[in-house]
Structure formats: C-alpha cells, structure tokens
Amino acid sequence: MREIGVGLLGLGNVGAGVVRLLADNEKAIEARLGAKLVIKAAAVRDVDRERRVDVDPAILTTDVDGISARDDIEIVCELIGGVTKARDLVLGAIAKRKQIVTANKALLAVHGDEIYAAAERAGVDIYYEAAVCGGIPIIRTLREGLASDRIESIAGIVNGTSNFIVTAMAKGGREFSEVLAEAQEQGYAEADPTLDIGGGDAAHKLAILAMLSFDCRVDLDKIYVEGIESLEAIDYQMAKDFGFVIKPLALGRRYPEGIDLRVHPTMIPASWLLADVPDTKNALYVNSYALGASMYYGAGAGMMPTAMSVVSDLIEVARNICAGVTGSKPMRSQQSLESREILPIEKVETRYYLRFSVEDRPGVLGQLTTVLGAHGISISELLQRGERGPNAQVSVIAFTHKTQEGRLRAALSAIDSTALTSAPTMTIRLAS
Ligand code: NDP
Ligand code: HSE
C-alpha cells in the first residue's frame with residue numbers, strides 16, 4: 001500500500017489528537033484512502049515535555065525548519081499557532097512543494113492572501129477545515145455544499161471559549177476567571193486567551209468565513225470587534241428577564257454598498273436556535289438565496305473534534321496526491337476575489353440594550369431620555385434596577401428601537417461626558 005509521509009509542526013492539544021485519531025481509525029482511514037498516512041516527524045519546542053498521547057520518541061524533533069526539507073514528507077501539517085513563525089514555515093514548505101494542512105485561523109486571517117497566492121503559484125494544496133468552528137465541516141460546506149448558492153448573511157458562535165464563559169456566567173454563581181481557567185485546562189483556549197475573550201479569534205474566523213461566503217478579500221483590521229470581558233451579572237439577568245440570551249456572535253451581511261462584518265456579544269431572542277448553542281459548542285447560521293436558512297452545529301474546539309477536521313484534510317490532500325491533482329482546485333481562486341468595502345460600525349442599524357450607572361435622584365431619567373430623544377433615539381422599554389446603595393447608585397436599563405450606531409454613540413458620548421453617569425454606559429447590540 002502506498003505510504004504518504006506527514007510532518008507535524010506542533011504536538012500540543014490538536015497535534016496529539018491527530019496522532020491519536022490516525023492510530024485509532026487507522027484501518028478505516030486506509031480503507032477509505034487506499035493509502036497509508038504515516039507521521040514521519042513531529043516538531044516541538046521541548047522534546048521532553050509530557051504529551052497527551054503516546055508517541056515514538058524517535059519522531060520528535062526541535063528542528064521545526066528541517067521538516068519541509070525531508071524527502072519522505074509530502075504533507076506538512078502546521079499546528080504550532082501564531083502568525084510569524086507559522087507564516088515562515090508554511091511559505092517555506094510551499095516553496096519546497098509540500099502540501100499544506102493547517103488549523104491556524106490567525107495565520108490565514110493575517111497572511112492568507114500571501115499564502116493562498118503562493119500555494120496557487122506552486123500548485124500545492126492548502127486545506128484548513130479545522131481553522132473555523134473546530135470539528136464542524138463548515139469550510140467544505142461553504143466551498144462545496146453551497147458552491148451554487150449566493151450567501152446573503154451569516155451569524156455564528158465561532159469561539160468555543162467565549163461561548164463556554166457566557167454560558168456559565170448566564171447560569172450565575174461562577175467567576176469569569178474561574179471559567180476561563182477551566183477552558184484553558186481543557187485545551188480550548190488560545191495560547192493567548194485574550195484572543196478568545198476579546199473577540200480576536202472570532203474575527204480571524206469571520207475573515208475566513210466572509211472570504212468564502214461573500215467572495216471578497218477581507219482586511220482583518222476593518223472588522224469591528226468587541227469582547228465579552230465587560231459583561232456583568234446584571235446584563236445576563238436583564239437579558240433573561242426580557243426573553244433574550246447573550247451570545248458572542250460573529251456577523252456578516254452583504255449590502256449593495258459593502259459588507260457588514262462584526263464580532264460582539266449580542267442579545268438574541270431565547271427562542272432562536274443559536275440561543276440554544278451551549279458551552280464550547282459552535283454553530284453557524286447561513287442565509288442564502290436558493291437554500292434559504294441553514295444551520296451547522298457541533299464541537300467548535302477541543303483535541304479530538306479539531307483533530308477530526310485536520311485528519312479529514314490530510315485524507316483529502318492524500319487523495320489528491322494519489323490522483324495527481326494537488327493544487328488543481330484551490331479553495332478560492334485568488335484572482336476571482338473582489339475587494340469590497342467593509343461598512344464602518346457607525347453605519348450599522350440595530351436595536352440596543354443600554355445600562356446606565358446613575359444616581360437615584362429626581363430628574364435623572366428625564367435627563368437621560370431627553371438626550372436620547374434629542375439624538376432621535378426612541379426607547380421601547382425602560383426600568384431601574386438595584387438597591388439604593390452608598391451614593392444612591394443604581395442601574396437604569398433601556399432598550400431602544402432600531403437606530404443607527406453613529407447616532408447612538410453621539411448620544412452616549414453626550415451622556416457619559418456629564419456627571420450624570422458614574423461609569424461608561426454598557427451597550428449590547430440586539431440581533432436584528
Ligand atoms: P498548543 O499550544 O497546545 O500546541 C502548540 C504546539 O506547537 C506545541 O506542541 C508546541 O511545542 C509547538 N510549537 C509552538 N511553537 C513552536 C516552535 N516555534 N517550534 C516548534 N514547535 C513549536 O496549541 P493547540 O494544539 O491548541 O493549537 C494548535 C493550532 O490549532 C493553533 O493554530 C490553534 O489556533 C488551532 N486550533 C486549536 C483548537 C483547539 O481547540 N485547541 C481548535 C481549532 C484550531 P511544545 O509542546 O514543545 O511546547
Ligand atoms: N480558542 C478557540 C476557541 C479554539 O475557543 O474556539 C477553536 O478555534
């Protein structure tokens with residue numbers, strides 16, 4: 001049986017899962033592929049570190065740059081994360097005409113144009129199913145399943161760690177830091193967890209999803225990003241009281257004048273399917289011209305679900321190698337991508353939840369509503385919460401009707417620049 005050599009760059013959470021899955025499903029994979037995938041080397045920083053899987057010590061090496069020079073390796077599987085070293089390694093491997101599999105969304109969101117173009121020029125494959133939504137085969141779905149359709153909008157929970165945190169916080173009784181530590185322990189969080197909680201990881205994934213959904217190049221810096229760090233227990237409670245659930249959403253929508261791309265905590269009706277996506281689960285809701293609404297759900301992070309996507313990519317690339325067609329069907333032909341404007345956040349129109357921190361004294365509500373009204377912002381619900389504590393500080397909660405974000409920002413800046421509020425007003429966008 002033909003052997004196809006694989007070189008792993010990285011043997012952390014995902015790398016260990018790849019080794020385990022290739023061993024556990026060895027026979028089935030061989031039968032489906034008609035060839036044998038063999039890990040010839042695994043590059044790590046520290047060969048003595050304890051691994052989550054048993055590996056033959058002979059395959060471990062710290063010579064990460066040497067992997068793509070090896071003749072017995074046909075596929076280089078990048079699982080080290082980060083953007084700088086990973087870019088050099090992937091471009092180096094492409095130059096040596098190795099096929100590439102990666103789970104690295106940050107790499108593709110930042111250096112994707114350069115990497116896809118290099119792969120296209122060299123005629124090699126680059127597969128990245130695990131980079132978005134871990135184990136959900138969403139890249140294949142967008143690229144192949146919906147290839148004949150026109151996607152109008154996407155809305156997804158694409159970061160498992162932040163969904164895990166908001167799910168736990170909505171139940172109450174746990175500290176943010178404790179829940180984050182659990183996600184890190186389970187291997188869901190990024191090496192730098194601020195990417196998870198700050199929305200950066202979701203933005204990386206949205207950049208990839210938007211390229212595939214809207215056929216455009218995406219400048220990562222133009223995606224509006226807000227994390228989940230400033231949400232407080234009262235916000236989860238208020239969401240519940242008004243029939244909503246707070247979820248960390250990545251949103252994309254096609255408009256004639258450009259593409260709206262944003263990542264932020266969003267209040268969604270409790271009756272929506274996305275509201276029922278718990279813990280580290282991910283889901284992507286797609287609205288397309290011919291199919292209409294469709295949703296894709298599953299494990300968005302973790303050792304084995306992510307490894308499943310990586311190994312499926314290895315199988316697909318190996319099939320291409322066996323058929324002699326590598327590089328002949330790029331994920332997205334770079335020449336066909338359009339440059340579309342990404343709409344500034346000020347142009348977004350939606351409903352808002354506002355939480356004002358104010359003193360409980362006569363006239364406060366009147367002053368708040370006067371400023372909002374002067375900016376053309378209409379309130380749909382208004383209430384006050386909280387015991388009169390020291391200095392009589394309370395929360396005033398307002399839900400607005402649909403309004404333009406630029407207008408809302410001007411109103412809040414006018415309010416927060418006075419002594420009326422004791423802290424910046426909390427704003428959460430509602431799904432619209
Ligand atoms: P880990 O931090 O667990 O593993 C990284 C591995 O890379 C380690 O084995 C580390 O070596 C090795 N490494 C890092 N830098 C170097 C270097 N310069 N030279 C040699 N080896 C190096 O990361 P994960 O496995 O969690 O993630 C890997 C990739 O997969 C990332 O891009 C991540 O975003 C992505 N991903 C992760 C998911 C998850 O659930 N964890 C889900 C989807 C994608 P050593 O062990 O010696 O330190
Ligand atoms: N840190 C990421 C998450 C891993 O929590 O979703 C999956 O990409």
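What you see is a predicted model, and the numbers here were worked out from it, not measured in a lab. Computed over heavy atoms, backbone and side chain alike; hydrogens, waters and symmetry mates excluded. Each ligand, and each atom within it, is numbered from 1 in the order the structure gives.
- If you run side chain to side chain contact (heavy atoms under 4.5 Å, CB included) between Val90 and each of Ile100, Leu108, Leu9, only Ile100 comes through.
- Distances between N or O atoms of Asn282 and those of ligand 2 include no value under 3.5 Å.
- Atom 25 (O) of ligand 1 has Val14 N, 2.9 Å as its closest protein atom, hydrogens excluded (heavy atom only).
- With Tyr127 as the aromatic partner, Arg143 meets the cation-pi criteria of under 6.0 angstrom to the ring centre and within 45 degrees of the ring axis.
- Protein heavy atom closest to atom 5 (O) of ligand 2, with residue, atom name and distance, is Thr161 OG1, 2.6 Å.
- Considering only non-hydrogen protein atoms, atom 5 (C) of ligand 1 sits nearest to Leu79 O, 3.7 Å.
- Contact atoms of ligand 1 toward Ala43: 21 (N) (distance under 4.0 Å to a heavy atom of the residue).
- No donor-acceptor contact under 3.5 angstrom links the side chains of Glu182 and Tyr188, judged on distance only.
- Scanning Val18, Leu108, Thr306, Thr84 for the heavy atom closest to atom 42 (C) of ligand 1 points to Thr306.
- Looking at Thr102, its side chain does come within 3.5 Å of a backbone N or O of Asn104 through a donor-acceptor pair.
- The heavy atom nearest to atom 31 (C) of ligand 1, considering only Gly81, Ala16, Gly82, Gly300, is found in Gly81.
- In summary, the side chains of Asp416 and Thr421 do present a donor paired with an acceptor at a separation below 3.5 Å, with no hydrogens or angles considered.
- For atom 1 (N) of ligand 2, the choice among Lys205, Gln184, Gln186, Glu190 with the nearest heavy atom turns out to be Glu190.
- Ion pairing between a basic and an acidic side chain is recognised when a charged N comes within 4.0 Å of a carboxylate O; Arg32 and Glu30 show no such pairing.
- At the shortest separation from atom 8 (C) of ligand 1 among protein heavy atoms lies Gly12 N, 3.7 Å.
- Short contacts between ligand 1 and Gly187, defined as distances under 4.0 Å to a heavy atom of the residue, involve ligand atoms 39 (C), 40 (O), 41 (N).
- A donor-acceptor pair is defined here as one N or O able to donate and one able to accept, closer than 3.5 Å; such a pair exists between the side chain of Lys247 and the backbone of Val277.
- Protein heavy atom nearest atom 36 (N) of ligand 1, with residue, atom name and distance: Lys105 NZ, 3.6 Å.
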Begin from the C-alpha positions of Tyr352 and Glu405 and carry the test side-chain hydrogen bond (donor to acceptor under 3.5 Å, both in side chains) through to its verdict.
-> CA-CA 9 Å; Tyr352 295 86; Glu405 177 126 355; 2.7 Å; yes
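- Here the protein heavy atom with the shortest distance to atom 35 (C) of ligand 1 is Ala103 O, 3.4 Å.
- The residue from Thr350, Thr425, Ile377, Val348 that alone fulfils the side chain to side chain contact (heavy atoms under 4.5 Å, CB included) condition with Leu408 is Ile377.
- Under a 4.0 Å heavy-atom criterion, Glu78 is not in contact with ligand 1.
- For atom 9 (O) of ligand 1, the closest non-hydrogen atom on the protein side is Leu11 N, 2.9 Å.
- Counting the atoms of ligand 2 from 1 in the order shown, those under 4.0 Å from a heavy atom of Asp201 are 2 (C).
- Closest to atom 8 (O) of ligand 2 among all protein heavy atoms lies Lys105 NZ, 2.5 Å.
- The closest protein non-hydrogen atom to atom 17 (C) of ligand 1 is Arg45 CG, 3.8 Å.
- Every atom of ligand 1 is numbered from 1 in the order shown, and the set under 4.0 Å from a heavy atom of Glu190 is 33 (C), 34 (O).
- At least one heavy atom of Gly302 sits less than 4.0 Å from an atom of ligand 1.
- Nearest protein neighbour of atom 46 (O) of ligand 1, counting heavy atoms only, is Arg51 NH1, 2.6 Å.
- Under 4.0 angstrom from ligand 1, the non-hydrogen atoms of Ala301 come from both its backbone and its side chain.
- Close approach to Asp46 involves these atoms of ligand 1, each under 4.0 Å from a residue heavy atom: 47 (O).
- With a 4.0 Å heavy-atom cut-off, ligand 1 is reached by the backbone of Ala130 but not by any atom from C-beta on.
- Side chains of Lys40 and Arg70 form a contact here, defined as non-hydrogen atoms less than 4.5 Å apart.
- Ring orientation note: the planes of Tyr353 and Phe399 are nearly perpendicular, at an angle over 60° on the 30°/60° scale.
- The shortest separation from a heavy atom of Gly300 to ligand 2 is under 4.0 Å, placing the residue in contact.
- Residue Gly160 has at least one nitrogen or oxygen atom sitting less than 3.5 Å from a nitrogen or oxygen atom of ligand 2, judged on distance alone.
- Using a 4.0 Å cut-off between a side-chain N of Lys or Arg and a carboxylate O of Asp or Glu, Lys240 and Asp235 do not qualify as a salt bridge.
- Against a heavy-atom cut-off of under 4.0 Å, Asp196 is close to the following atoms of ligand 2: 1 (N), 2 (C), 3 (C), 5 (O).
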